Structure formats: C-alpha cells, structure tokens
**Q** 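Pasting in a structure now, in structure tokens, and then I'll have a few things to ask.
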Amino acid sequence: MVDMRMFRDEVSGWAGGGSGGPAGDLAVRLGVRTAVLLEGPSDLAAVETLAERRGRDLAAEGVCVVQMGGAMSVARYAGLLGPTGLGLRLAGLCDAGEQGFFERGLTRARAPHRGIFVCVADLEDELIRALGTPRVEEVVETEGDLRAWQTFVRQPAQHGRSRQQQLRRFLGTKKGRKIRYGRLLVEALDLDEVPAPLDDLLASL
C-alpha cells in the first residue's frame, strides 16, 4: 500500500543524496500539494497529534509532514520540495533561534516565507507555558516519570532555574522523551489553549 510515510521516507533518502525519482512519482500518485518542514521528530509528533485532535487527515489532504533532523537542513529540503524542486507549497515551524536558517533556506529555494511559524524558544517551551507547570507535572506523574523528574530537579545544575526551565530541560534528557511528550502535551491541552505558532500552522494547511 502506498502511503504518505513512503513518500516521507523517499524524501529523506533523496535529501541524503539518493535519487529524487521515486519521491517525485509518489508525490503525483498521492496528490501531495504541501510539505510541512519541521526540525525534529518531537515537532512532528505534536503537529500530527493536533491534526488528529482537530479531525484532520493531513495525508488525505495532500499534506506531508517532514522532520529534517535539524534546522540546518532546511535549505536542502526546501530546494528539493519547493518551487525549484517538486513545486510543493512549503510551510513549517521553527524555534526563534533557528529562524535565520529557515529564512535563508526558503530564500534560496525561491519559496514564500509566510507559511513559517516561529516558537519563542521552542515548541516544548510553548506547550509548557500553555499548559502551566502544574499540569505538565501531572502528565509526568501519569506517565510514570515522577521519580526521574524528582531526581532531576535535585541536581545542582537545576538550582535557581524556574520550574518551566527545568521541565523543558527534563524533556530533553532521555532519548525518545521529547517525542513522547510532544504527543502527550498536545493531548493534554484544551483545544482553545493550543500555542499560537502550532495552531496557526495547522490552520494554514
């Protein structure tokens, strides 16, 4: 069965130096019209979870969500997928600190910048602020990570940091944790409190 995951895999291989022929063929077969460029898998998990909660089937709508493995790859992906490549409309979500990479990459690819939405620090920070630290800690406890969290905040390096800063750092301390919590924190949100960058991105697709 041909699905959007196959297209995404072909795009990753293409970006890594492979042939673009299979990706181009799949784009036509699947009716892909938009590529959403994201820095990493935790962002992808958050975007796909919000889409599901809002009753959206992005694949059926011709939208492919792509995680690039870091903002420094945006020029490569934008060139392959945007106006100078497959001709897809580009959208994306980035951290404020990585906005320059996105702007330069889109400029090189001759793609509009209007579809890129910027988080103040990063998406985890946006989600923590939207939920509030007590609710995030409830999610941590529900997921069985309370002991690890309590051990983490006792570390000398965490002294003097705000609870929000500690939580943001905690999510990145174990492989796979950011991806898991990218989904869990979006699931915990009321749909009227979704952070603006994430909400606006989905609304633009």
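Hydrogens, waters and symmetry mates play no part in the numbers below; they use all other heavy atoms, side chains included. Everything numeric in this text was worked out from a predicted model, so none of it was measured.
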**Q** How many angstroms lie between atom CD of Glu138 and atom OG1 of Thr133, to the nearest 0.5 angstrom?
**A** 10.0 Å
**Q** Tell me whether Leu80 shares a hydrophobic cluster with Leu30, the cluster being built from Ile, Leu, Val, Met, Phe, Trp, Tyr side chains joined at under 4.5 Å.
**A** yes
**Q** Asp190 side chain to Glu193 main-chain N or O, any donor-acceptor pair under 3.5 Å?
**A** no
**Q** Would you call Thr107 and Phe102 a side-chain contact if the rule is heavy atoms closer than 4.5 Å?
**A** no
**Q** Thinking salt bridges, do Glu187 and Arg53 make one under a 4.0 Å N-O criterion?
**A** no
**Q** With rounding to the nearest 0.5 angstrom, report the NE2 to CZ distance, His113 to Arg104.
**A** 10.5 Å
**Q** For Ala46 and Val186, work out which heavy atoms get closest and say how close.
**A**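 Nearest pair, atom of Ala46 first, then Val186: CB-CG2, 3.8 Å.
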**Q** I want to check something: taking the side chain as every heavy atom from C-beta on, are Val36 and Leu93 in contact at a cut-off of under 4.5 Å?
**A** no
**Q** Please report the shortest heavy-atom distance between Ala91 and Ile116, naming the atom on each side.
**A** C-CD1, 3.6 Å
**Q** Does Leu185 share a hydrophobic cluster with Leu201, counting links as ILVMFWY side-chain heavy atoms below 4.5 Å and allowing steps through other members?
**A** yes
**Q** Verify side chain to side chain contact (heavy atoms under 4.5 Å, CB included) between Met72 and Glu98, making sure each step is shown before the conclusion.
**A** CA-CA 8 Å; Met72 289 185 289; Glu98 313 297 349; 5.8 Å; no
**Q** So how far is it from Asp125 CG to Asp95 CG, rounded to the nearest 0.5 Å?
**A** 9.5 Å
**Q** Decide whether Gln67 and Asp43 meet the rule of one side-chain donor and one side-chain acceptor closer than 3.5 Å.
**A** no
**Q** Kindly say whether Arg76 contributes a backbone atom to a donor-acceptor pair with the side chain of Ser73 at under 3.5 angstrom?
**A** no
**Q** Given 3.5 Å as the limit, does a donor-acceptor pair link the side chain of Arg89 with the main chain of Pro83, or not?
**A**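 Flag not set: sc Arg89 to bb Pro83 has no pair under 3.5 Å.
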**Q** When you look at Leu37 and Met68, which way does the side chain to side chain contact (heavy atoms under 4.5 Å, CB included) test go after all the steps?
**A** CA-CA 7 Å; Leu37 304 181; Met68 304 177 294; 3.9 Å; yes
**Q** Quick one: pull up CD in Glu10 and CE in Met6 and give me the separation to the nearest 0.5 Å.
**A** 7.0 Å
**Q** Is there a side-chain contact between Asp145 and Arg180 in this structure, where contact means two heavy atoms from C-beta onward sitting under 4.5 Å apart?
**A**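 Sidechains of Arg180 and Asp145: in contact.
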**Q** Between Arg8 and Glu48, is the salt bridge (charged side-chain N to carboxylate O under 4.0 Å, His left out) condition met? List the steps.
**A** CA-CA 14 Å; Arg8 188 157 59 199; Glu48 291 190 332; 3.2 Å; yes
**Q** Do Leu198 and Leu58 share a hydrophobic cluster, counting only Ile, Leu, Val, Met, Phe, Trp and Tyr and linking them when any side-chain heavy atoms are less than 4.5 Å apart?
**A**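 As far as the 4.5 Å side-chain criterion goes, Leu58 and Leu198 are connected within one cluster.
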**Q** Do Leu171 and Ser42 make a side-chain contact, defined as non-hydrogen atoms from C-beta onward lying under 4.5 Å apart?
**A** no
**Q** Between Arg56 and Glu52, does at least one N-O distance fall below 4.0 Å, as a salt bridge requires?
**A**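 Judged by the 4.0 Å cut-off on N to carboxylate O distance, Arg56 and Glu52 do not form a salt bridge.
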**Q** Is it true that atom CZ of Arg135 has more than 12 heavy atoms of other residues, nucleotides or ligands lying nearer than 6.0 Å?
**A** yes
**Q** Please name the pair of heavy atoms, one in Ser19 and one in Trp14, separated by the smallest distance, quoted to 0.1 Å.
**A** C-CD1, 3.7 Å
**Q** Any side-chain heavy atom of Leu127 sitting closer than 4.5 Å to one from Pro195?
**A** yes
**Q** One thing to verify: whether Glu137 and Arg163 come together as a salt bridge, which I'm taking to mean a side-chain N less than 4.0 angstrom from a carboxylate O.
**A** yes
**Q** Test Glu124 against every option in Lys178, Arg129, Arg168 by the salt bridge (Lys or Arg N to Asp or Glu O under 4.0 Å) rule and name the one that passes.
**A** Lys178
**Q** Looking only at heavy atoms, which two atoms of Phe117 and Ser204 are closest? And how far apart?
**A** CE1-OG, 3.6 Å
**Q** Any heavy-atom pair between the side chains of Gln99 and Cys119 that's under 4.5 Å?
**A** no
**Q** Starting from Leu90, can I reach Leu202 by hopping between I/L/V/M/F/W/Y residues whose side chains sit under 4.5 Å apart?
**A**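 They do not share one cluster, since no chain of ILVMFWY contacts under 4.5 Å joins Leu202 to Leu90.
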**Q** Quick check on Arg108: does its CZ atom have over 12 non-hydrogen neighbours (other residues, nucleotides or ligands) under 6.0 Å away?
**A** no
**Q** Under the 6.0 Å and 45° cation-pi test, does Arg177 pair with Phe170?
**A** yes
**Q** For a quick test of reading the model, state the closest non-hydrogen atom pair linking Leu88 to Ala35 and the distance between them.
**A** CD1-CB, 4.1 Å
**Q** May I ask you to decide whether Arg5 forms a salt bridge with Asp9, counting only side-chain N to carboxylate O separations under 4.0 Å?
**A** no
**Q** Are the side chain of Thr34 and the backbone of Val63 linked by a donor-acceptor contact shorter than 3.5 Å?
**A** no
**Q** State whether the side chain of His159 and the backbone N or O of Arg154 hold a donor-acceptor pair below 3.5 Å, judged by distance alone.
**A**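 Judged by distance alone, yes, a pair lies under 3.5 Å.
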**Q** Would you say the side-chain atoms of Gln158 and Arg161 include a donor-acceptor pair closer than 3.5 Å?
**A** yes
**Q** Should Tyr77 and Met4 be counted in the same cluster of Ile, Leu, Val, Met, Phe, Trp and Tyr side chains packed under 4.5 Å apart?
**A** yes
**Q** Do Arg147 and Gln150 have a side chain donor and acceptor closer than 3.5 Å?
**A**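 Absent: no donor and acceptor within the cut-off.
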**Q** Is there a side-chain contact between Val120 and Glu126 in this structure, where contact means two heavy atoms from C-beta onward sitting under 4.5 Å apart?
**A**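 Side chain of Val120 against side chain of Glu126, heavy atoms only: contact under 4.5 Å found.
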**Q** Sub-3.5 Å donor-acceptor pair from the side chain of Gln165 to the main-chain atoms of Ser162, do we have one?
**A** yes
**Q** Please name the pair of heavy atoms, one in Leu106 and one in Pro112, separated by the smallest distance, quoted to 0.1 Å.
**A**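 Here Leu106 and Pro112 meet closest at CD1-O, 3.8 Å.
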**Q** Would you say that Trp149 contacts Glu141 through its side chain, given a criterion of any heavy-atom pair below 4.5 Å between the two side chains?
**A**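 Side chain of Trp149 against side chain of Glu141, heavy atoms only: no contact under 4.5 Å found.
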**Q** Salt bridge between Asp199 and Arg54, side-chain N to carboxylate O under 4.0 Å?
**A**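 Judged by the 4.0 Å cut-off on N to carboxylate O distance, Asp199 and Arg54 do form a salt bridge.
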**Q** Determine whether Leu86 and Val32 satisfy the following criterion, side chain to side chain contact (heavy atoms under 4.5 Å, CB included), listing intermediate values before the conclusion.
**A** CA-CA 10 Å; Leu86 294 185; Val32 184; over 6 Å; no
